[in-house]
Amino acid sequence: MKSKLVIIVFAIGVVLATAVSVYMSRTIAPVQKTVTAVPAPDGRYKAVVVSLSQGGSAPFCYDTVSIYLAMYPNDFAESEQGYQVYWSPCATPANPADTPAVKWSANNEAQITYTQGPAPADPRKLRKRVVDASRFVKVTYVERK
């Protein structure tokens with residue numbers, strides 16, 4: 001008798017979990033992600049621009065730029081935040097024209113053109129480093145008007 005009760009409770013739990021999962025997938029807006037890699041002229045380093053945004057009831061948007069060796073995959077920029085030279089929230093809804101643009105002026109000099117977004121809730125999270133993690137690449141910034 002107890003085993004039938006356990007099976008029934010388990011089946012009800014599976015049905016409820018499935019219903020909640022379907023409801024969440026239908027009501028929550030998906031996260032939009034764009035990843036763009038810009039290699040240095042000599043191909044040793046690359047700058048990877050990652051933009052994440054989501055609409056819906058709790059919209060968010062932020063842009064990052066990471067600089068690291070070109071031999072690493074582009075998704076390395078998402079998992080290793082120590083290589084980020086730029087991080088900032090962007091305006092919602094996200095506008096692709098406001099995404100940071102990277103231009104290499106030399107093998108070890110990158111220029112990031114960005115659009116100033118809204119002030120973040122925690123200003124300590126803003127990041128504008130003038131050198132990358134290897135201390136080889138110098139970074140300059142230009143704000144779009």
Side-chain angles (χ1 to χ4, degrees), residues 6-145:
V6 169
I7 292 172
I8 291 171
V9 169
F10 179 74
I12 291 172
V14 168
V15 168
L16 287 174
T18 303
V20 168
S21 177
V22 168
Y23 173 76
M24 297 293 279
S25 68
R26 304 268 183 195
T27 59
I28 296 177
V31 174
Q32 302 295 320
K33 176 174 74 170
T34 59
V35 178
T36 308
V38 181
D42 66 355
R44 182 174 180 196
Y45 287 90
K46 66 180 169 182
V48 179
V49 180
V50 178
S51 295
L52 290 175
S53 64
Q54 181 180 29
S57 61
F60 72 86
C61 177
Y62 70 87
D63 296 317
T64 66
V65 178
S66 299
I67 296 178
Y68 50 86
L69 291 172
M71 65 188 211
Y72 292 112
N74 292 347
D75 61 358
F76 191 72
E78 294 177 73
S79 61
E80 299 297 325
Q81 294 181 356
Y83 293 94
Q84 286 179 357
V85 293
Y86 175 82
W87 182 97
S88 179
C90 48
T92 52
N95 182 357
D98 292 338
T99 302
V102 178
K103 177 182 169 189
W104 291 88
S105 54
N107 292 334
N108 63 345
E109 294 179 9
Q111 177 183 338
I112 298 173
T113 304
Y114 67 97
T115 302
Q116 184 66 43
D122 185 0
R124 293 174 295 164
K125 285 188 173 184
L126 284 176
R127 184 171 288 169
K128 279 188 183 174
R129 293 184 177 165
V130 294
V131 293
D132 73 326
S134 71
R135 306 226 185 270
F136 180 73
V137 178
K138 296 174 186 166
V139 183
T140 58
Y141 297 91
V142 176
E143 183 178 349
R144 289 185 190 107
K145 299 295 176 181

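As a basis for the values below, the full set of heavy atoms in this structure was taken, side chains included, without hydrogen atoms, waters or symmetry mates. This chain uses plain numbering: 1 for the first residue, then up along the sequence.
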Partners passing side-chain hydrogen bond (donor to acceptor under 3.5 Å, both in side chains) against [X] (at least two apart in sequence or in another chain):
X	result
Arg129	none
Ser88	none
Tyr86	none
Lys138	none

**Q.** Contacts of type ring-ring contact (aromatic ring centres under 6.0 Å, His included), residue Trp87, not counting sequence neighbours
**A.**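 Per chain and number, Trp87 pairs via ring-ring contact (aromatic ring centres under 6.0 Å, His included) with Tyr62.
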**Q.** Shortest non-hydrogen separation from Thr99 to Arg144 and the atoms involved
**A.** O-NH2, 2.9 Å
Q) Nearest heavy-atom pair of Trp104 and Ala47: which atoms, and what distance? A)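 Here Trp104 and Ala47 meet closest at CZ2-N, 3.8 Å.
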Q. Between the main-chain N or O of Val14 and the side-chain N or O of Thr18, is there a donor-acceptor pair closer than 3.5 Å?
A. yes
For [X], give me all partners under side-chain contact (heavy atoms from CB on, under 4.5 Å), at least two apart in sequence or on another chain.
X	result
Val9	Leu5
Leu16	Ile12
Lys103	none

Separation between [atom1] of [X] and [atom2] of [Y], rounded to the nearest 0.5 Å:
X	Y	atom1	atom2	value
Gln32	Cys61	CD	SG	11.0 Å
Leu52	Asp63	CG	CG	8.5 Å
Arg135	Asn108	CZ	CG	15.0 Å
Gln81	Arg127	CD	CZ	6.5 Å

Compile the donor-acceptor pairs under 3.5 Å between side chains in residues 35-45 and protein atoms, sequence neighbours left out, one pair per line.
| residue | atom | partner | partner atom | Å |
| --- | --- | --- | --- | --- |
| Asp42 | OD1 | Arg44 | N | 3.0 |
| Tyr45 | OH | Ser134 | OG | 3.3 |

**Q.** Those residues that, when tested against Glu109, pass salt bridge (Lys or Arg N to Asp or Glu O under 4.0 Å) (two or more places apart)
**A.** none
Return a table of donor-acceptor pairs under 3.5 angstrom between the side chains of residues 67-76 and protein atoms on other chains or two or more places apart.
| residue | atom | partner | partner atom | Å |
| --- | --- | --- | --- | --- |
| Tyr68 | OH | Pro73 | O | 3.0 |
| Tyr68 | OH | Asn74 | O | 3.1 |
| Tyr68 | OH | Ala77 | N | 3.4 |
| Asn74 | OD1 | Lys46 | NZ | 2.7 |

Q) Hey, are the side chains of Tyr141 and Gln111 touching, using non-hydrogen atoms and a 4.5 Å cut-off? A)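 The answer is no; the side chains never approach within 4.5 Å.
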Q.
Less than 4.5 Å apart, side chain to side chain, heavy atoms only: is that true for Cys90 and Asp98?
A.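 Sidechains of Asp98 and Cys90: no contact.
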